[in-house]
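From a predicted model like this one, the values you see are computed outputs, not experimental measurements. For the numbers below, each heavy atom of this structure counts, side chains included, while hydrogens, waters and symmetry mates do not. Lettering of chains follows the sequences in order, A, B, ..., and the numbering in each one begins at 1.
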Amino acid sequence: MLQVRDLKTYLYLKRGVVKAVDGVSFDLASGETLGLIGESGSGKTMMGLSLLGLPPKPAGRIVAGSIKLDGRELVGLDEEVLSREVRGRQIAMISQDPMTSLNPVFTVGDQVAAPIRAHHLAGERSAIDMAVAELDRVRVPSARERAGDYPHQFSGGMRQRVVAAMAIACRPRLLIADEPTSALDVTIQVQFMDLIEKIQADTGAGILFITHDLGVAASLCHRIAVMYAGRIVEMAGVDRLYSDPQHPYTQGLLDSVPILGRRQKRLKSILGSPPDPLSPPGGCAFHPRCPHAMEVCRQQVPPTVAMSDGGHVACWLKVDSTA
Amino acid sequence: MVEALSYLSRFGIKVLHRNKVSSGFPYVASLVLALVVISALFGPWIAPYQATSISLADAMTPPAWLDGGSAAHLLGTDNLGRDILSRIIAGARVSTVVAFYAIVLSGLIGTGLGMAAGYFGGIVDAVISRIIDTQMAVPSIPLAMLFAAVLPPGEAMVIFIIVLSYWTWYARIVRGEVLSLRERDFIALAKVAGVGTPTIFVRHLAPNLLNTLLVLATLQFGSVIVFEAGLSFLGLGIQPPQVSWGGMLSDGRNFIEVAWWLITMPGLAIMAACLASNLLGDWLRDTFDPLRRQVF
Amino acid sequence: MARYITKRALQGLIAIFGALLIVFVAQRLSGDPVALMLPMDASEADFAAMREALGLDKPLLVQFAIFLGNALTGDFGQSYQWNAPAMGLLIDRLPATLELAMAGLFFAVLLAVPLGVFSAVHRGGWVDRSAKIFAMLGQAVPGFWIGLLLILFIAVELQWLPAYGRGTPAHLVLPAIALGWYPVAAMTRTLRSSMLDVLESDYVRMERAIGLPERTIIWRYALRNAAVPLVTMVGVYFANMLGGAFVIEVVFAWPGVGRTVVDAVFARDFPVVQAGVMLSAVVFVVMNLLVDLSYGFIDPRIRRG
């Protein structure tokens, strides 16, 4: 359904260029959930915004690559066409902070009805009815009464449900969930992830689940892509990735957090700090922190090596072992 | 998104550079202000004529570049043949003198009360804050009317009226600054060391307020000039024969249909002085205190 | 909210009391009012009788109490010029001032909203840059001088619109522009900066992500958020204008409160001046309260908090 090829999104700032997304490729099928994992600054959020054609203005721009949704090329589409036919209609997003993602001076019902109205799926009157149905679907209790309330009258978890209702109101083919649970309490998190699974079962949407939380990703995703400094360094099915990580960075990530059902010797954090986005290290961007760094890692960007299980990894260590 | 931006900001990178901080030093504005001050100090020596000397033969001469204009009167003359340029130079004196005293006095009163309110807090703060609130609830122009009706007109009255409405600005801002300064270590240390309150005020608080006060005073210079011009225009401020820009506008108003320069020239002088003080004030503010710009 | 409003109302009352105190003190400064009211050749007995009639022979505190009592009923004495109740005289002039204030504000908002929004949306564009220059001028050029220039060019040179007096809607245009001149500049800058904040907010990003047209986002969803500080300004300016647009009213010979008070100052008609000051103080306090209340309608978060 979704094919992303060699996508590059750069931020042109006064002090230089940040290659936020630097040649990312992946596929995503209907009904599939792909986890996009990385530290903050790895470019995963910018990846999600790029799919919507919404890199932050005026600094951000998609400079190269292709995004195809059901065969239609989205890169280079007119801003107005994107608004009318793609955003909210075919691709929608649940953003990370429910506290700030809703307009404080409009009722929740109005905001959920907004995409329905904008995409002409219903007239004014029935748009509200549909909005109420969506709020009901995301299990906002007594949805009809609460549709007239303002965001500040909802709890954080409920607000995130409202955001989800806005996102799925037009039955998008692709749902981007950008850290949708990071601002929520743990119990609310679990409820919300159940909800996302239910939404997927109901609508058959493909989900790009952006997170830095390996545990959350493990419970929800079919496949995982690990991002570092604007590139995908490893992609694999969720079982293989957690049981047998190939990239040193993935290994480091898995060793640094406790994950339910995974045997770990002891936790240790990755050495060093994330790269300066304005001047990332040459060669493999991870080499200054990598315990296995070799001379070639400093010189050249590693190629992407296909794995037997259908995943792939970008690391010089694997080039040698498979060559 | 928020996270991504805060990540970038860790490296000191601003994604959304919105307001251009501090631009270059405003040379033109400073030059204009210098001209105003020089005119105020040395007016009688640089003006081509005496501002009040009447010459009916030369009445209503248009500015030099117009038909009927004369190089002897660059900006023309008024209905009594008085030279406009000389009168504008003379008017600069009143504007500057009034602005100077008004700003110094309201600055002293406002700073004193603001420091007291911020430093002592409690009942002192409550009383002073209420006075400020009250003062701000009475619009300044009606208040000016009230005192214009009971006090003898002239420079002293204009200064009094301006101080009456302007001191609150200093008091409010100084109070806020002192409230935050009070919590800082060096004040606490001074207190522990047994330094007396007057010394703390003069030696420790005042120097830290200097930048703020300078910015505010510069910004107010223009605003005071406009205020004084308004009063004098109404006939409630500076009284003839003393020359003021507002008074010139008021005189010229009667001849608006025959001599456009009579109301245009003094207005341009007011505009230039006010614009210059605003530009210089903005620059000072951006330079001294780029982060706390919303205060003004 | 209710507590906040109560607190503000109390502050307002204190402010009005303060204004009364100032007015009373100023009245004492004005010298002997009796001297103004009686003919030059009046006898000492006439003076004493008049003082007693006016209550001027009583202790100062008692006089203040009497003054307060009268003030509460809107009684500031008789106008010497018109021989009519001073406050009533001003209330009669209020419609003219109200008309001018509303027109001036309408002009200001009409210009400031599109200018502010366009400046923010096309930041750094030519509208933004011109609006910035315009705003600088707006703050440096006194409105009454703009009024004089308008009279000079529009009324005298081009003869398009009348310059003086009140009557037809055409009479309203020039004074309204002169009066709205300063607020336009201030409002444009305020709206621009609040709009910029809103346009960078997460909810506007969300609105973009669900495919709302940019026009709808800006004019329907973002503007209402960005307009909150604007409402304060509208309220404050309106209050200032209602208290009398003194200089503008004089420039355009507009028969409103402001001009009446200025005339009264010249005529030493002190009761009218007092009534004028109190009228503006009360209007100012009431308008500020209304502004506080109006936040609740624009921003539902405040309604409960």
Side-chain angles (χ1 to χ4, degrees), chain A residues 45 48-49 51-54 56-58 79-108 110-120 148-153 159 162-163 165-170 172 175-176 178, chain C residues 1 4 113 117-129 191-192 194-232 293-305:
Chain A
T45 291
L49 292 172
L51 292 179
L52 284 160
L54 283 175
K57 278 194 276 189
E79 190 67 13
E80 236 174 90
V81 178
L82 275 173
S83 262
R84 198 170 57 232
E85 298 172 13
V86 180
R87 293 174 197 150
R89 184 76 191 85
Q90 291 180 313
I91 305 180
M93 184 172 80
I94 301 174
S95 49
Q96 40 182 282
D97 190 352
M99 304 314 262
T100 56
S101 295
L102 291 171
N103 193 320
V105 304
F106 286 84
T107 64
V108 155
D110 184 283
Q111 292 186 65
V112 178
I116 302 171
R117 264 188 256 121
H119 298 296
H120 306 290
D149 285 351
Y150 290 89
H152 72 279
Q153 292 161 300
R159 280 194 224 189
V162 173
V163 173
M166 268 170 98
I168 62 166
C170 299
L175 191 60
I176 302 163
D178 185 3
Chain C
M1 184 73 182
Y4 175 70
V113 168
V117 170
F118 275 115
S119 299
V121 173
H122 305 287
R123 176 185 359 161
W126 68 269
V127 175
D128 188 20
R129 274 175 293 163
L191 185 60
R192 174 187 184 271
S194 63
M195 195 74 185
L196 279 178
D197 286 341
V198 172
L199 287 178
E200 281 161 15
S201 69
D202 285 352
Y203 53 84
V204 165
R205 178 184 318 284
M206 187 69 197
E207 280 153 10
R208 289 201 175 113
I210 58 172
L212 297 193
E214 196 66 17
R215 233 178 315 118
T216 314
I217 293 176
I218 291 166
W219 294 102
R220 177 172 151 82
Y221 287 96
L223 183 57
R224 199 193 289 186
N225 284 282
V228 175
L230 205 63
V231 172
T232 319
L293 279 171
S294 75
Y295 284 150
F297 291 98
I298 304 172
D299 191 338
R301 282 167 297 184
I302 297 171
R303 222 173 282 164
R304 303 194 142 188

(Q) Counting heavy-atom pairs closer than 4.5 Å to chain C, which one of A:Gly53, A:Pro172, A:Pro115, A:Ala118 comes out on top? (A)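 Winner by heavy-atom pair count: A:Pro115.
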Ranking A:Leu52, A:Val163, A:Asn103 by heavy-atom pairs under 4.5 Å to chain C gives rank one to A:Asn103
(Q) I'd like to know whether CZ of A:Phe106 has more than 12 heavy-atom contacts from other residues, nucleotides or ligands below 6.0 angstrom. (A) yes
Regarding A:Asp178 and C:Arg205, does a basic nitrogen lie under 4.0 Å from an acidic carboxylate oxygen? no
Could you tell me which portion of A:Ile91 (side chain, backbone, both or neither) has an atom closer than 4.5 angstrom to a non-hydrogen atom of chain C?
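Just its backbone gets close to chain C.
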| request: Taking C:Arg224 for its side chain and A:Val105 for its backbone only, find out whether a donor-acceptor pair lies under 3.5 Å. | output: yes
What pair of heavy atoms forms the shortest contact from [X] to [Y], and how long is it?
X	Y	answer
A:Met166	C:Ile210	CE-CD1, 3.6 Å
C:Arg208	A:Arg87	O-CD, 3.3 Å
C:Met206	A:Ser95	SD-OG, 3.8 Å
C:Tyr221	A:Ala114	OH-CB, 3.5 Å

**Item:** Distance (rounded to the nearest 0.5 Å) between C:Leu212 CG and A:Arg84 CZ
**Value:**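 It comes to 14.0 Å.
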Margin query: Using 0.5 Å steps for rounding, measure from the CD atom of C:Glu214 to the CD atom of A:Glu80.
Written below: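 One gets 10.0 Å once the value is rounded to the nearest 0.5 Å.
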